[in-house]
Amino acid sequence: MSTTILDFRGRDLALLPPAELQALPTSQLLNVLCGPHLPGEVRGACIRDTRGHFLRTKPIYFNELKRALLAHGTPFSIAFEERPALPFTTNPNIEPRPYQEEALAKWREAHEAGVVVLPTGAGKTLVAALAIHALGLWTLAVVPTLDLLAQWRVALASALSLDPAQIGVFGGGAKELEPITIMTYDSAALYPRELRRFGLLVFDECHHLPASTYRQIAESAFTPLRLGLSATPERADMAHADLAFLIGPEVYRRSPAELTGDRYLAQYREERISIALSPEDEAHYTEQRKIYRNFLQRRRILISSPEEFQRKVVYASARDPEARAALLAWRESRNIAMNAPLKYAEIERLLRQHAADQVILFSEYNLVVDEISRRFCLPSITYKTPTEERRAILARFRSGQYTKLVSGRVLNEGVDVPDCRVAIIVSGNSTRREYIQRLGRVLRPKEGEALLYELITGGTTEENVAKRRRS
C-alpha cells in the first residue's frame with residue numbers, strides 16, 4: 001500500500017489516502033487504514049472533503065489517528081513538524097518548590113497532558129516555565145486578559161533566563177509570533193491556524209476553555225502536549241468535565257490550606273462579621289422574598305442550580321409578567337442583603353483597625369465600589385477604569401503609596417494584583433472560584449498572619465451564599 005499522509009487543509013486536519021483508495025466510501029476507507037483501532041467519536045468526526053479525495057477532521061484528533069494508523073500497520077507520513085524544537089536554550093534560574101516539582105513530575109507521568117490545580121500565589125507560571133524547559137518545544141501560552149500578556153512575558157523571560165524580546169505577544173493589537181508566544185484566548189479563537197506552529201500548549205486559567213467560544217482553540221490544535229493551570233477549574237455549568245478531552249485529566253492539586261500548612265503560603269485567618277438590617281430594610285427584604293417564593297410555589301418551580309434559575313426565572317421573565325415581578329423582587333432582596341447600609345460602618349471600623357496595613361476591599365456591585373471609594377476617599381478599580389489608570393493605581397498600591405484599594409470583579413483573575421495583608425469581602429457571589437481568587441490576594445508568603453474578612457448580612461440569603469462559596 002502506498003503512503004497515507006496527515007496534513008492540514010484550511011483549519012482542518014486532513015487524512016490523504018493513496019490514490020488507489022480514494023474512491024472507497026468513508027467508512028470502508030477508515031476500516032482499511034485504521035481497522036478497529038480508531039475510537040468511535042473520532043471515526044464519526046472524519047468527514048469526506050467536498051472534492052472527495054481526502055477526509056477532514058478536527059486537529060485535536062491527530063494523536064488518535066496517528067495511533068490507529070500505527071496499530072493497524074498502515075504506512076503514513078506527517079507533512080508538518082510534530083515537535084518543533086526551540087531554536088535557543090532555556091536555563092531555569094529559580095529554584096522550584098517541592099510541590100512545583102511534584103506537579104511537573106505528575107504531568108510528565110500523564111504523557112505531558114493534564115491540568116495542575118494550585119492556589120493563587122502558588123507560582124503556577126513557574127510550573128509552565130519548567131514544562132517549557134523540560135520539553136524544549138515551540139510553546140504557546142494562552143491567557144485570559146491583555147494584562148497577562150506582559151506579565152507572562154516578563155515571568156517566563158525571568159524564569160528561563162531569556163531576553164523578553166525572544167517571547168512574542170499576540171493580542172490587543174500585537175501580533176508577534178515567536179518560538180515562545182503568549183496569546184489571549186480571544187486571539188487564539190480568532191486565529192486558529194496559528195496554533196499549528198506549536199508543540200506545547202499552556203492554558204492559564206483553563207476553566208475558561210470549555211466555554212463555547214473558546215473550546216475551538218483546543219480543538220483546532222494538533223499537539224497532544226497540553227498543560228492546564230487553574231486555582232479553581234470547577235465551573236457552575238459542570239463543563240469543567242470537558243477539560244479531560246480538551247487538555248487532559250487533572251494530574252495534581254494542592255489546596256490553600258495544604259500550602260499554608262507547609263509554609264509556602266501565608267498563614268491566614270478568616271473572620272465572618274454579621275451585619276444587621278435596619279427594621280425598615282428587614283421588612284422590605286421579607287416582602288420581596290415573599291413575592292419571589294410565592295411565585296416559585298404557585299408554579300411549582302424547583303431551583304437547584306444557576307442554570308435552572310436562568311432558564312426558569314430569568315428567561316421566563318421576558319414573556320411572563322409574573323416571572324418578571326418575581327425576578328425584580330429577587331434582585332431587590334439580593335441588593336438589600338448584599339448592600340446593607342450598616343456594612344459601611346463596619347468598613348470604617350476595619351479601615352481604622354488596619355490603618356497601617358495594605359487592604360483590598362471587594363464588592364459584587366460596582367455602585368458599591370464607587371460608594372466606598374467616595375465615602376472613604378479610596379482609589380477604586382472597576383471594568384470602567386481605563387487601562388493606564390488601572391496600571392498606575394496598582395503600581396502605587398504595590399509601592400505602598402496607596403495602602404487601600406477597592407474593586408469589583410475585575411481584579412478576581414487575570415491581573416497581577418500586588419500582595420496585601422488584609423482583604424475584605426463586602427459582597428460576593430456564591431462561586432468557590434471567586435472566593436479562592438480573593439483569598440489568594442493575601443496568601444503570598446509573608447511574616448505574620450493574613451486576614452480575610454467577610455461582611456455577611458444576618459438572616460438573609462447572603463448567609464447561604466457565603467456558605468456555598470466556601471464549600
Side-chain angles (χ1 to χ4, degrees), residues 211-213 234-239 272-347 361-375 380 382-384 406-410 412 425-435 438 454-471:
S212 58
T213 51
E234 294 77 15
R235 293 170 54 99
D237 61 4
M238 305 303 292
R272 289 152 201 121
I273 300 172
S274 182
I275 304 296
L277 288 174
S278 68
E280 295 81 6
D281 284 339
E282 186 175 1
H284 189 37
Y285 173 84
T286 301
E287 177 188 11
Q288 298 302 306
R289 288 296 297 173
K290 185 177 180 180
I291 293 171
Y292 174 66
R293 287 197 302 269
N294 285 347
F295 169 76
L296 298 183
Q297 290 169 359
R298 284 196 307 274
R299 301 295 181 88
R300 298 182 179 179
I301 295 173
L302 294 177
I303 304 294
S304 59
S305 70
E307 289 71 35
E308 284 193 348
F309 176 78
Q310 189 85 2
R311 186 175 68 256
K312 297 178 180 180
V313 180
V314 177
Y315 293 162
S317 69
R319 60 184 183 279
D320 183 340
E322 285 192 24
R324 178 165 176 76
L327 177 61
L328 292 175
W330 176 86
R331 285 178 176 170
E332 179 66 9
S333 65
R334 187 171 184 263
N335 181 59
I336 294 168
M338 288 193 168
N339 305 317
L342 288 180
K343 285 188 177 184
Y344 294 107
E346 188 60 30
I347 290 169
L361 301 93
F362 293 100
S363 174
E364 184 77 357
Y365 293 93
N366 288 325
L367 286 175
V368 177
V369 173
D370 294 339
E371 179 62 15
I372 293 172
S373 176
R374 185 191 66 80
R375 284 196 187 206
S380 66
T382 68
Y383 74 95
K384 297 178 291 185
V406 56
S407 181
R409 292 184 181 182
V410 71
N412 280 356
I425 298 177
V426 179
S427 61
N429 64 34
S430 62
T431 65
R432 180 161 178 79
R433 174 181 302 121
E434 179 180 88
Y435 178 73
R438 291 177 173 181
E454 288 186 274
L455 308 187
I456 303 168
T457 305
T460 72
T461 54
E462 191 173 29
E463 292 180 324
N464 293 329
V465 167
K467 285 180 183 177
R468 286 200 298 273
R469 65 178 172 240
R470 293 193 303 272
S471 62

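The model shown is predicted, which means the values in this text are computed figures rather than measured ones. Residues: numbered from 1 along the sequence shown.
Tyr292 meets the side chain to side chain donor-acceptor pair (under 3.5 Å) test with no other residue; sequence neighbours excluded. Lys312 meets the salt bridge (charged side-chain N to carboxylate O under 4.0 Å, His left out) test with Glu308; sequence neighbours excluded. For the salt bridge (charged side-chain N to carboxylate O under 4.0 Å, His left out) test, no residue two or more places apart in sequence or in another chain qualifies with Arg300. Looking at residues two or more places apart in sequence or on another chain, you find a side-chain contact (heavy atoms from CB on, under 4.5 Å) between Ala337 and Tyr285, Thr460, Glu462. Residues satisfying the salt bridge (charged side-chain N to carboxylate O under 4.0 Å, His left out) test with Arg375, not counting sequence neighbours, are Glu371.
One finds the OG1 atom of Thr382 at 15.5 Å from the OH atom of Tyr365 (value rounded to the nearest 0.5 Å). In this structure, CH2 on Trp330 lies 11.5 Å from CG on Leu296, to the nearest 0.5 angstrom. Taking CZ of Arg311 as the reference point, atom CD1 of Ile303 lies at 8.0 Å (rounded to 0.5 Å). Once rounded to the nearest 0.5 Å, the distance linking OG of Ser333 with CD1 of Ile336 reads 6.5 Å. Atoms OG1 and CG, from Thr286 and Leu277 in turn, are 8.5 Å apart once rounded to the nearest 0.5 Å. The structure places OG of Ser427 at 5.5 Å from CG of Asn339, a figure rounded to the nearest 0.5 Å.
Identified under the salt bridge (charged side-chain N to carboxylate O under 4.0 Å, His left out) test for residues 285-296, with sequence neighbours left out: none.
Within the 4.5 Å cutoff, side-chain heavy atoms of Val406 are placed close to those of Ser380. Considering only heavy atoms from C-beta on, Val314 comes within 4.5 Å of Leu327 through its side chain. Counting heavy atoms from C-beta on, the side chains of Arg319 and Arg324 never come closer than 4.5 Å. Between Gln288 and Arg331, the closest side-chain pair of non-hydrogen atoms is not below 4.5 Å.
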TODO: Any chance you could lay out the side-chain contact (heavy atoms from CB on, under 4.5 Å) test for Asp370 and Lys384, step after step, and finish with the verdict?
DONE: CA-CA 11 Å; Asp370 294 339; Lys384 297 178 291 185; 3.6 Å; yes
Task: Verdict with reasoning, Val426 to Val369, per side-chain contact (heavy atoms from CB on, under 4.5 Å) - done: CA-CA 9 Å; Val426 179; Val369 173; over 6 Å; no
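Between Glu364 and Arg334, at least one side-chain N (NZ, or NE/NH1/NH2) sits under 4.0 Å from a carboxylate O, which counts as a salt bridge.
Taking all atoms of both residues into account, the shortest heavy-atom contact from Thr457 to Lys343 is OG1-CE, 3.4 Å. What you find for Asp281 and Pro341 is that their closest heavy atoms are OD2-CD, 3.5 Å.
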